[in-house]
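This structure is a prediction, so every number in the text was calculated from the model and none was measured. Just the heavy atoms: all of them, side chains too, but no hydrogens, waters or symmetry mates, feed the values below.
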Amino acid sequence: MPEVSIKIGPRSYNIGCGDGEQNKVAELGALIAEKYEALGTARAPTESQNLVFAALFMADELAELRKRVSKAEKTAATAQAQIDEALKKAEDTAQTARDEAERKIEKAKAKADQEKEKSGGKKAELKAEIETLRKAEARSRDQVQRLKSELSDLREANSHQHDLFGNAEDPSAVAEALELLAIKSEKAAEAMEAAAK
């Protein structure tokens, strides 16, 4: 088994480790030595006490990092819930627009059948209206796909919003993106209604 010699304070220690872990053990030893040196002139009379103090410094830093990670995870969970809610609203808006377009198409078809008996010219006009409604529905579907893509991008960004040290993106950026998404959804619904009239 390989051994690594690490120096902490006035003493050196030979530490056994697995193959390929020598650098990692040396780096960890350097961290402990750094905390040991931070004791300065306040060192205790025994080396074991000094090592305990160095370990306490490291434990304090670890506890603080864990708090930051926990906070970042909560922020991420909140942002994910907002994204899920925005996606549901966007899908509901798109479905409503599709349902309305289909209803208008059916109504236009029924009207076309009635007018067919009355006038051949009216038939062409109604077919054009149906085509317009179909195009509006297609645009709505395209917009829904774009919204889903934007939501997917937001989810992806959210999943990488923090690292081990808890560096999280600003939650207000997620909120702004969600507001923009809601505005786009409303505009899509309005465009569908305007095109259908």
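No more than 12 heavy atoms of other residues, nucleotides or ligands lie within 6.0 Å of CZ in Arg66, so this atom counts as exposed by the packing criterion. Residue Lys7 qualifies as enclosed at atom NZ: its count of foreign heavy atoms under 6.0 Å is above 12.
Ser185 contributes atom OG, which lies 11.0 Å from atom CD of Glu190 (distance to the nearest 0.5 angstrom). The OH atom of Tyr13 lies 10.0 Å from the CD1 atom of Ile32; values are rounded to the nearest 0.5 Å. With rounding to the nearest 0.5 Å, the separation of CE in Met1 from CD1 in Ile15 is 11.5 Å. Taking CD of Gln80 as the start and CG of Leu87 as the end, the distance is 9.5 Å to the nearest 0.5 Å. Atom CD1 of residue Ile130 and atom NZ of residue Lys127 lie 8.5 Å apart, to the nearest 0.5 angstrom.
Looking only at side-chain heavy atoms (C-beta outward), Asp19 and Pro2 come within less than 4.5 Å of each other. For the pair Arg43/Glu37, a side-chain contact is recorded, criterion being any heavy-atom separation below 4.5 Å from C-beta on. At a threshold of 4.5 Å between non-hydrogen side-chain atoms, the residues Glu186 and Thr93 do not count as touching. In this structure, Val144 and Glu91 have side chains that are not in contact, with every pair of non-hydrogen atoms separated by 4.5 Å or more. Put simply, the side chain of Lys184 does not reach to within 4.5 Å of the side chain of Arg146, judged on heavy atoms.
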Glu85/Lys89 under salt bridge (charged side-chain N to carboxylate O under 4.0 Å, His left out): CA gap, chis, key distance, verdict: CA-CA 6 Å; Glu85 183 180 347; Lys89 284 182 181 177; 3.4 Å; yes
Can you check side-chain hydrogen bond (donor to acceptor under 3.5 Å, both in side chains) on Gln49 and Thr46, steps first, answer last? CA-CA 5 Å; Gln49 287 176 316; Thr46 65; 3.0 Å; yes
Could you go through Lys88 and Asp92, starting from their C-alpha distance and side-chain angles, then the distance that decides it, and tell me whether this counts as salt bridge (charged side-chain N to carboxylate O under 4.0 Å, His left out)? CA-CA 6 Å; Lys88 185 180 184 315; Asp92 289 347; 2.9 Å; yes
Assess the residue pair Glu102 and Arg98 against the criterion (salt bridge (charged side-chain N to carboxylate O under 4.0 Å, His left out)); give the C-alpha distance rounded to whole Å, side-chain angles, the decisive distance to 0.1 Å, and a yes or no. CA-CA 6 Å; Glu102 287 173 8; Arg98 283 195 298 269; 5.9 Å; no
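We find that Glu64 and Arg68 are not joined by a salt bridge, their nearest charged nitrogen and carboxylate oxygen being 4.0 Å or further apart.
For Glu3, the side chain to side chain contact (heavy atoms under 4.5 Å, CB included) partners two or more places apart in sequence, or in a different chain, are Asn14. Under the side chain to side chain donor-acceptor pair (under 3.5 Å) criterion, Glu106 pairs with no residue, sequence neighbours left out.
Every pair passing side chain to side chain donor-acceptor pair (under 3.5 Å) that includes a residue from residues 22-36 is listed here, sequence neighbours excluded: Lys35-Glu61, Tyr36-Glu47.
Only one option out of Lys135, Arg139, Arg141 pairs with Glu137 in a salt bridge (charged side-chain N to carboxylate O under 4.0 Å, His left out); it is Arg141.
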